[in-house]
Amino acid sequence: MANIGDRVRQVLDEHIYKNVVWKSVFRHGFPDTDRNRTLVVLSNVFLHLHPAKLKGHAVRMRYTWCMGGLSFFMFLILTISGVFLMFYYRPTPEYAYSDIISLREDVPLGMFMRNVHRWGAHAMVLIVWLHMLRVFMTGSYKAPREFNWGVGVILLKLTLLLSFTGYLLPWDQLAIWAITVGTNMARATPGVGHEGPLTSMIGIDAGYDTFQVVHSKSDIRFLLLGGSIVGPPALLRFYVLHCVFLPLVAGFLMAVHFWRIRKDGFSAPL
Amino acid sequence: MMGPLLAVAPQPIQGFFDLVNLLCEPWLFFTLTMVVFFAAIYFRRTLVKPPVALGILIASVAAILVSFMSPQFKAEASKPDNAPIFMLVYITGFCIWLAFWQAVKNDERLARGEKPEEYEVGKTRLHVWPYLLYIEGIVAAFVLAALFIWALSLEAPLEQAANPAKSPNPAKAPWYFLGLQEMLVYYDPWIAGVVLPGMIISGLIVIPYCDPNPKGLGYYTFAERKLAVTTFLFGFLIMWVVLIFVGTFMRGPNWNFFGLYEPWDVHKVLSLNNVNLSQMFWQDGMGKALPAAWWQREWPGFLLILAYFAVLPGVIMKLAPKLYRDLGFIRYSVLVVHFLVMLSLPIKMYLRWSLNLKYIVSIPEYFFNI
Ligand code: HEM
């Protein structure tokens with residue numbers, strides 16, 4: 001009598017792998033031959049982010065710590081939970097805070113989704129930093145991967161900005177004051193912040209008076225906040241940056257990052 | 001868990017708290033962290049041994065459990081938004097161990113004239129399905145489960161509705177920016193909030209172009225990249241992880257520095273008699289009044305900064321001529337300027353602690369203070 005494994009295999013062979021629907025979607029049989037294992041990866045647009053074969057060390061967790069993959073995984077989780085939150089959230093001071101409260105009290109799974117999104121965001125910041133640490137410690141930034149390291153640094157920056165813009169959205173005390181502390185620094189940007197060095201030199205001397213080109217209502221911080229305090233326009237701006245602009249840019253750069261990993265090949269000792 | 005039962009910690013533990021608080025003078029604390037950092041690198045061969053590493057882990061967990069008997073520590077540590085700090089410390093610690101454990105093993109192999117372990121393992125080529133995809137799937141499932149447990153057990157914070165008229169004290173940035181907020185103590189916002197963050201980004205981006213060492217690609221090693229690894233870890237651990245820890249647990253009301261277990265007293269007053277370099281030079285040194293024009297008043301400070309950025313690169317060039325030869329003028333300058341800017345933070349910190357130095361150059365007329 002054949003054992004269970006063989007029996008299952010036989011059923012699969014007869015009823016699944018020869019099935020027209022299966023064959024229309026997947027272009028391979030049971031992945032126990034070299035050919036089929038290669039096809040699993042090559043014939044799937046998502047799995048094809050990987051090459052079909054890798055050197056042994058690149059597969060081991062102790063080499064990559066899985067941190068790059070987890071960065072991407074966190075990004076996906078945050079996208080999904082974030083879309084859920086967007087259904088219930090309106091980015092205006094009248095509604096923002098109460099929407100978070102009703103998310104907690106009235107919406108089924110609302111609190112859970114908010115928690116997943118919040119803690120996932122913290123985790124992603126940490127994971128991306130650790131991914132960078134691993135890439136550094138294995139010297140993987142060295143030629144020919146200099147450019148991809150640079151793309152990574154921008155991704156790190158975007159991850160921080162995503163987290164930072166999201167911090168404002170609950171519109172509670174924690175949020176506006178953390179963002180106030182953070183954006184206050186922009187006042188001091190040389191040349192373009194109204195309390196920055198060199199800024200006061202950019203003026204037009206009209207004889208009786210000097211006309212300041214950059215003042216508290218025309219500086220870089222005003223541009224960022226849409227006002228001179230963290231108010232309603234800042235909430236809307238941060239919302240749009242957080243939900244649309246920054247994820248798009250990050251997604252775009254991740255595509256570049258992944259493509260370059262494939263083109264440069266995975267780092268390995270010579 | 002023992003915290004609420006005991007209003008005051010038992011005597012020996014109180015003694016331990018007092019001792020730690022005593023060590024939490026800013027200059028002493030940072031000096032000790034740096035000593036620990038360099039000592040850990042020096043004694044890496046011992047520290048990476050699994051029993052030793054495990055011992056350190058157990059000791060640190062014990063220290064945290066004891067710390068929870070301090071009401072102050074407990075209050076900060078149990079804020080939900082501070083949970084990531086513990087993950088930061090432990091997961092980073094584990095990753096550093098993992099990297100050095102492999103580096104030490106590889107360095108021994110290299111010393112014997114063998115190839116690194118990654119080279120031997122890399123000789124076999126494996127199919128991504130199933131060897132990698134299984135690992136990815138299992139790891140993803142574990143991380144998702146951990147995140148769900150975290151989300152079920154700890155509620156995301158929501159404070160009172162935003163009130164622009166009522167500012168909390170201290171008002172803190174999110175934890176990953178606490179390092180920058182800490183820099184604000186020592187530098188004006190245009191440096192701490194704009195120039196330094198910008199140079200952290202540009203500094204990271206130029207690393208590959210300014211590291212002329214072809215060795216150490218694709219495997220863990222310390223021996224072949226001593227300077228690079230030490231510099232990077234100094235930035236990563238001291239200027240990021242430690243400053244976050246300090247910002248979370250040791251910066252209280254009015255951004256005063258508190259001991260780890262010292263209650264946050266809103267009325268703590270520190271006599272702040274910080275002086276500018278110009279005052280030191282003209283008044284204390286020359287016994288004169290401060291010159292009125294800024295360019296007259298501030299030339300000693302400008303000279304000092306000029307010397308820092310003009311003379312030190314030459315000195316480093318003499319000490320490491322090969323570095324200069326390998327990199328050429330432009331890349332060498334980029335590297336050294338970033339290096340000196342990074343070093344300027346601890347330098348300014350120590351100047352503040354030892355001489356109460358406020359600004360090296362101070363031109364309030366133009367918001368230009370260094
Ligand atoms: C959102 C952020 C990021 C995502 C999703 C991401 C994703 C990935 C993935 C999936 C890999 C494959 C190998 C691995 O898992 O280690 C990888 C490799 C790499 N990453 Fe990232 N990464 C991110 C940020 C960064 C950062 C911050 C850096 C460096 C500053 C960086 C530099 C690199 C380099 C140089 C490689 C090639 C490594 C090698 O060949 O060994 N990435 N990244």
Side-chain angles (χ1 to χ4, degrees), chain A residues 31 37 40-41 50 52-57 59 61-62 65-66 69-70 73 97 100 112 114-116 118-120 122 125-126 130 133 136-139 141-142 146 149-150 153 157 160 164 167 170-178 181-182 185 188-190 195-197 200 229 267-269, chain B residues 84 87-88 91 95 98-99 102 116 118-119 121-122 124-129 131-132 135-136 139-140 143 147 150-151 155-164 167-168 171-174 176-177 181 188-190 193-194 201 204-205 207-209 216-220 225 232 236 366-368:
Chain A
R37 286 180 170 183
V40 170
V41 174
H50 306 87
K53 275 181 154 189
L54 273 171
K55 289 188 176 174
H57 74 286
V59 168
M61 275 185 77
R62 66 171 65 173
W65 309 347
C66 279
L70 283 179
F73 185 56
Y97 183 72
I100 301 284
F112 176 69
R114 174 167 184 244
N115 292 350
V116 166
R118 179 120 184 163
W119 303 137
H122 283 305
V125 171
L126 182 59
L130 291 172
L133 182 66
F136 185 88
M137 294 303 285
T138 55
Y141 57 84
K142 300 187 180 203
E146 304 99 319
W149 167 271
V153 175
K157 171 97 193 160
L160 292 174
F164 185 65
Y167 216 81
W171 204 246
D172 63 345
Q173 280 288 77
L174 198 62
I176 69 158
W177 288 102
V181 170
M185 304 192 200
T189 317
E195 285 175 5
S200 63
I229 56 157
S267 62
Chain B
M87 298 177 46
L88 170 74
I91 300 181
C95 287
L98 190 59
Q102 297 179 80
E118 284 86 343
Y119 180 83
V121 181
T124 7
R125 286 167 60 84
L126 295 175
H127 274 284
V128 162
W129 176 277
Y131 297 104
L132 180 59
I135 294 180
E136 287 183 349
V139 169
V143 169
L147 183 64
W150 188 5
E155 194 178 325
L158 187 67
E159 296 191 352
Q160 308 263 295
N163 180 355
S167 93
K172 289 193 180 182
Y176 37 83
F177 285 143
Q181 209 177 350
D188 266 17
W190 75 276
V194 183
I201 304 279
L204 286 170
I205 291 179
I207 286 176
Y209 305 99
L217 198 179
Y219 53 96
Y220 289 93
R225 306 167 57 208
F232 186 82
F236 195 93
Y366 296 111
F367 295 111
F368 188 85

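Convention: sequence-line order gives letters A, B, ...; per-chain numbering from 1.
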Mutual orientation of the aromatic rings belonging to A/Phe136 and B/Phe232 [parallel < 30°, tilted 30-60°, perpendicular > 60°]: parallel
Best-contacting candidate, B/Pro164, B/Ala151, B/Ala99, against chain A by heavy atom pairs under 4.5 angstrom: B/Ala151
Contact leader toward chain B among A/Ala52, A/Pro190, A/Ala175, A/Gly69, where contacts are heavy-atom pairs under 4.5 Å: A/Ala52
Atom group of B/Val121 that falls short of 4.5 Å from chain A, counting heavy atoms: both
Portion of B/Tyr131 that has a non-hydrogen atom of chain A nearer than 4.5 angstrom: both
Contacting region of A/Trp149 [heavy-atom separation from chain B under 4.5 Å]: side chain
Under 4.5 Å from a heavy atom of chain A, the part of B/Glu136 involved: side chain
CZ on B/Arg225 to CE on A/Met137, rounded to 0.5 Å: 7.0 Å
Point-to-point distance, once rounded to the nearest 0.5 Å, from CG of A/Leu130 to CG of B/Leu88: 8.0 Å
Per-residue contact mode, B/Ile201 against chain A (heavy atom under 4.5 angstrom): both
Chain A contact via B/Glu118 - side chain, backbone, both or neither, heavy atoms under 4.5 Å: both
Chain B contact via A/Val40 - side chain, backbone, both or neither, heavy atoms under 4.5 Å: side chain
Contact check, side chains of B/Pro157 and A/Leu174, non-hydrogen atoms, under 4.5 Å: yes
Contact class of B/Pro174 relative to chain A, heavy atoms under 4.5 angstrom: both
Residue pair A/Thr138, B/Tyr220: steps toward the side-chain contact (heavy atoms from CB on, under 4.5 Å) verdict: CA-CA 5 Å; A/Thr138 55; B/Tyr220 289 93; 3.3 Å; yes
Closest-packed option against chain A by number of heavy-atom pairs under 4.5 Å, given B/Gly193, B/Ser167, B/Ala140, B/Ala161: B/Ala161
Test item: A/Tyr97 and B/Leu158 side chains (from C-beta on) under 4.5 Å apart, heavy atoms: yes
Pairwise distance NE2(A/His57) to CD(B/Gln102) - rounded to 0.5 angstrom: 11.0 Å
Winner by heavy-atom pair count (cut-off under 4.5 Å) against chain B, out of A/Gln173, A/Met61, A/Met185: A/Gln173
Contact origin within B/Tyr219 toward chain A - heavy atom pairs under 4.5 Å: both
Distance (rounded to the nearest 0.5 Å) between B/Gln160 CD and A/Asp172 CG: 9.5 Å
